[in-house]
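Each remark here refers to the structure printed beneath this line.
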Amino acid sequence: MRELEQLPIPLLAWYHENARVLPWRSDPTPYHVWVSEIMLQQTRVAAVMGYYSRFMETLPDVAALAAVEDDVLMKLWQGLGYYSRARNLKKAAGQVMERYGGALPASYEELLTLAGVGEYTAGAIASIAFGIPVPAVDGNVLRVVARIAGDEGDITLPATKKRMGQALQEIIPTAMPGAFNQAMMELGATVCLPNGAPLCDKCPAAGFCAALAQDKIDLLPVKAPKKARRVEERTVYLIFHEGRVALRRRPEKGLLAGLWEYPNELAEKTDILEQWGIIPTSQRWGGTGKHIFTHIEWHMTARMVQAAGDTLPPGWVWADGPALRQTYAVPNAFQSFVPLVEAGLAGAETLT
DNA sequence: AAACCGGGGTA
DNA sequence: TACCCAGGTTT
């Protein structure tokens, strides 16, 4: 990957002129960098902005994070996705309190031992917050390296990732590794765009980019195709009683772990209300909703139910409007049913 | 190595 | 639609 040797100086010059102003860059303490990097995993900068600011207002330091109530934490994370990130963040905060007295370790290897911190995140924190010269190889960086070096290796393979990481380790400027890593990602996010739509005329590497020279921009990076999603037809039960709606907590492991949801089942299941011990005084079909996860697609149909009594299965709760907004973290998968819920909370007489 | 884990922006 | 995003953990 000879081309990479020419990269650092023009890249850093470009970054100096084009770095975006981001909340976590104004005061890059280890805690700020850590939290922002976890939020940014598989998540765009624009989506993280609001969450980051709110998070720091509520949990300004490691000690606060380690002590936060789970429900408060999940409410702060509601809608951001990949909720295990939040749970690992709190778990790691406990590890930092116990092992290091509340201060993140200035060591790539030690950062790597924290919950939710993998090779990329350890490299990002080490370089940005502590000035340690290690690469931070994310999806942007893999794309940039693949194109500049003209590397046709499958970037989904660990071997390719390792090779590119080693190449970066050899050229990373020891004086400013954090700026270099952020510049690589910034270039990938704003110029060396995916889907064959890069802005090569604005790229500081255009003069020595192998993919550009060989007209292979639209062929790189090479990436193995992903598996198809499966579709699930589900019935979502919006169960009301005296101005409140029924919620249940999802299992602690798996999809949307620990979040709250409107009770739902595969559409093929029948007599489910009976199994739950809920006696309807009235019910009707409501609207439909669709939600696409990475590997599953939910096709949902709402069932509006007025319950005769307030008895619910163990672990379920009745939530009024304020509790729904302030207390219970409900994933965006159910967002399309909010209007139906609002209507149900306001007046159940419409259910007949 | 492959599967699992959200949600949204963009072409 | 399909792709991809400042990836990590589990199997």
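Letters A, B, ... are given to chains in the order of the sequence lines, protein chains preceding strands, and every chain is numbered from 1. For clarity, every value in this text was computed on a predicted model and none was experimentally measured.
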Please test A/T121 against A/Q41 for side-chain hydrogen bond (donor to acceptor under 3.5 Å, both in side chains), starting from the C-alpha separation and ending with a verdict.
CA-CA 8 Å; A/T121 307; A/Q41 289 171 1; 3.0 Å; yes
Determine, stepwise, if the pair A/R234 / A/T301 fulfils side-chain hydrogen bond (donor to acceptor under 3.5 Å, both in side chains).
CA-CA 7 Å; A/R234 305 193 73 89; A/T301 304; over 6 Å; no
Nearest to the A/Y82 side chain among C/dA6, C/dG7, C/dT1, which nucleotide is it?
C/dG7
Residues A/R230, A/E232: salt bridge by 4.0 Å N-O rule:
yes
If the cut-off is 4.0 Å, is A/K227 near the phosphate of B/dC4, judged by side-chain N/O to OP1 or OP2?
yes
Which residue, A/Q182 or A/K253, contacts DNA chain C at a nucleotide closer to its 5' end, judged by nearest heavy atom?
A/Q182
Report the nucleotide, chosen from C/dC5, C/dA6, B/dG7, that has the shortest atom-to-atom distance to any side-chain atom of A/F293.
B/dG7
Is the shortest side-chain N/O distance from A/K223 to OP1 or OP2 of C/dC5 below 4.0 Å?
yes
Phosphate-side-chain proximity, A/Q41 and C/dG7, N/O vs OP1/OP2 below 4.0 Å:
no
Check this one for me: any side-chain N or O of A/H295 less than 4.0 Å away from OP1 or OP2 of B/dA3?
no
When the P atoms of C/dA6 and B/dA3 are considered, how many whole Å apart are they?
24 Å
Quick one: label A/G79 by what it contacts on the DNA or RNA (base, sugar-phosphate, nothing), any heavy atom closer than 4.0 Å.
sugar-phosphate
Does the B/dG6 base have a donor-acceptor partner in the side chain of A/T43 within less than 3.5 Å?
yes
Map A/R85 and A/P221 onto DNA chain C by nearest heavy atom, then report which one ends up closer to the 5' terminus.
A/P221
What is the separation between atom CH2 on A/W77 and atom P on B/dG8, rounded to the nearest whole Å?
15 Å
